[in-house]
Every structure is written in structure tokens, then in C-alpha cells.
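One structure is given here, and the rest of the page talks about it.
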There are 2 protein chains.
Amino acid sequence: MDKTDRTILAALQNDARLTNNELADIVGLSASQCSRRRTQLEKDGIIVGYHAKLDREKTGFGLTTIISVTLATHNSENSKLIRELFDSLPEVIEAHAMTGEMDYYIKIATKDLKSLSSFINDKLLAHEAVQHVKTAISLETLKDTQNIPIGQ
Amino acid sequence: MDKTDRTILAALQNDARLTNNELADIVGLSASQCSRRRTQLEKDGIIVGYHAKLDREKTGFGLTTIISVTLATHNSENSKLIRELFDSLPEVIEAHAMTGEMDYYIKIATKDLKSLSSFINDKLLAHEAVQHVKTAISLETLKDTQNIPIGQ
DNA sequence: ATCACTATGCAAGCACCTTGCATGGGATTT
DNA sequence: AAATCCCATGCAAGGTGCTTGCATAGTGAT
């Protein structure tokens, strides 16, 4: 992976709909070569996928919440259970195992406070492995590019 | 925006490279109509953009950190400054103004602990508006679909 | 200096996207 | 209930973009 590849990656992070002709202008190669490089980056698993980004407000999922989850007991069984729980819940759009006193950070997308409340009570706290949660609601999303700074 | 539109949105969230023919099979319309609906969803700002998702490890940005930022003084000037700061830092891939005792949650993508350390010290703590930060490092990303659960 | 291998550009064939046009379905009004 | 209007839809054609075979240039090793 050379500088040209990184330029392609940065460009496609910003706009996955770029044609190979447009990519060619950006990186200074022919369109066919851009096509080949892009295909290779996909094969190598460097490009994982292409996703449409939706407006959270307009789609009715404007509420973003970050929840810290603490396990009841720290063992591999509970760890496995909690992963399966996060996997199975579509409201969980991101989940991390963390350092520090909080075991997991998860990001939640819901319609409103009512659905958030039922998510926490019925899905999270109802689970045997979960001991405690700490909820922080996003008042405003200031930035939300998940783009890694590969171009810089 | 009807049920068909939501199906299209859910499909494009998962795979932005779907052709209109493939979309047509999914939603049960013709390809031309899928094209028209998709164009309209873009015009309405419901589809904000299309982005390639990259492998964090393979691109060398495997370190994810969540930082709570507390302001020195809560006034509109500092609020403005902190927004501009987050905007200008490419390592900040997500930023929220939060409820609770912590003012901002930001998500950071860096290559390693060294670059994280210099980010915190030279970029964050060096800023006049920042009083205090609390750092939590992701040991493992369990889930990272930013897809809103519009299909469910 | 030679050889081998990879990257590249060009061109053609193919797939896909877009848009004009005609049709059909649904809702509203009389 | 009938008529009318409007919007969504399907079809087809024209144009655009993507992919791949082939020949060539560039690069590195021996």
C-alpha cells in the first residue's frame, strides 16, 4: 500500500460514489488503474464496505446516547453473553470493551427518550450479566465523520 | 417517505454499492423507480453521503480512544472555540456535547499510544478552553455499524 | 547489462444509470 | 357513483461508467 492507495482511500472515505474517472483526476492515474487498485484494496480487506450515511433527525432516530456498562461478574461467560447481547440489539450502533472502571461503552440510536428508557430497562438491565449502567445523552452532535485521518 | 423508502435506506446503509437492479429486487419496484427514489432521498438530505469504511488495523489507525472533555469556563466563547478545535483536528472522528458532569465526549483515532499522548498534551490540553480530560482506551471494538435501526 | 515481474495506459465490450413518455392507480370533488 | 386530476410506476433508449485483455514502460535483482 503506497501513497497513491492512501489517497484513494482518503477520497473514497469522503465520497464512495466517486467514479474511477474522478479518482483518476485526484490521484493522477488512469481510470482503469484506479479500478484495479480499488478492487485490490477491497480484496485485501482494507476497504471493508461502502455505506450510505443517513440524517439522524430526518430518519427519526435523532437521539444519541452513550452508555457505560458494568458487568455483574467478570468472567468469560459473561463476556461472551454481553457480546451476543450487543450484537443482537440494533439500537447498539457501536460497542467497545474499555480500560478503566467502566467495562463497556456503547453508543445507542433511538427515536426518543421513551424508546431509550425501554431499551435500558427491558434490554440492558434485564440482562443477567449487566450490573450497572451509566447514561449520558448527547445534546448535540458536533462532528460525526468516522473517517480515519489517513489523508493527513 | 414510506415503507419502500425505508427499505431502500436500510439496504443502502448496509451496502452503498447496490445497483438499482439489486435494489429493485429487494424492494419490489423497477430499477428506474429505485433510481428516482434514491435521487429524491439524496435531494431531501435524508441520505447525507456515501462513505467507504476502512479497516482500522490495516490502515494503521487501530487505536480508538474516548475522551471526556471539561471546559475551563462555560460561556459561549469557549463553546465556540471548542467546536472549532474539534472541527480542525482530524483525529477527532466524532464529538458530542453531553448531559451530565462531562461536557463533551470525543472519539479519537490514532496510530498508537505515542500519537495519542501527543494529541492529548499538544492539541487538547494546550487549548485555553480545556480544563480537564478523562481518557478511556478501547481494548476491543465489539461492534461498529453506525447504521440506524431503520429496517427494524 | 540482462532478465523478470509488476504497474500502467488504451481500447473495446459490457453493465449500469438516467430520463422522456405513456399508463395505471388512488384520492378528491361534484 | 362518476369524473377528474395527480402522482407513482414501468419501459425503452441514449449516454456514461466499469472492467479486462493486451501491449508497453518502469523497476529491481542478479
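In what follows, every chain begins at residue 1, and chains take the letters A, B, ... in the order their sequences are listed. Scope of the values below: all heavy atoms of this structure, side chains included, with no hydrogens, waters or symmetry mates.
- Scored by the side chain to side chain contact (heavy atoms under 4.5 Å, CB included) test, A:Asn75 finds A:Thr73, A:Glu77, A:Asn78 as partners (sequence neighbours excluded).
- Annotation for B:Leu81: hydrophobic cluster partners, listed by chain and number, are none (ILVMFWY side-chain heavy atoms under 4.5 Å, direct or chained).
- End-to-end axis angle for the helix from C:dA1-D:dT30 to C:dT30-D:dA1, using five pairs per end and rounding to 10°, comes out at 40°.
- Remark: B:Asn21 engages B:Thr19, B:Ala31 in a side chain to side chain contact (heavy atoms under 4.5 Å, CB included) (not counting sequence neighbours).
- B:Arg17 is not listed as a side-chain neighbour of B:Glu22, based on a closest heavy-atom distance of 4.5 Å or more.
- Judged as a side chain to side chain contact (heavy atoms under 4.5 Å, CB included), and not counting sequence neighbours, the contacts of B:Leu113 are B:Leu63, B:Leu116, B:Ile137.
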Nucleotide-resolved protein contact map, nucleotides 22-28 of chain C, B/S/- at heavy-atom distance under 4.0 Å: -------
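- A search for salt bridge (Lys or Arg N to Asp or Glu O under 4.0 Å) contacts involving B:Lys80 returns B:Glu84, not counting sequence neighbours.
- Proximity of residues 14-27 of chain B to DNA chain D (heavy atom under 4.0 angstrom from any strand atom) is not detected for any residue.
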Per-nucleotide protein contact string for nucleotides 4-10 of chain C, where B marks a base within reach and S marks sugar-phosphate only (heavy atoms under 4.0 Å, - for neither): ---SBBB
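- In terms of heavy-atom proximity, A:Lys143 sits nearest to B:Asp87 at NZ-O, 3.4 Å.
- Listed by chain and number, the residues in a side-chain hydrogen bond (donor to acceptor under 3.5 Å, both in side chains) with A:Glu128 amount to none (sequence neighbours excluded).
- With sequence neighbours left out, A:Asp122 forms a side chain to side chain contact (heavy atoms under 4.5 Å, CB included) with A:Ser118.
- In this structure, B:Leu54 shares a hydrophobic cluster with A:Met1, A:Ile8, A:Leu9, A:Leu12, A:Leu18, A:Leu23, A:Ile26, A:Val27, A:Leu29, A:Leu41, A:Ile46, A:Ile47, A:Tyr50, A:Ile148, A:Ile150, B:Phe61, the cluster being traced through Ile, Leu, Val, Met, Phe, Trp and Tyr side chains under 4.5 angstrom apart.
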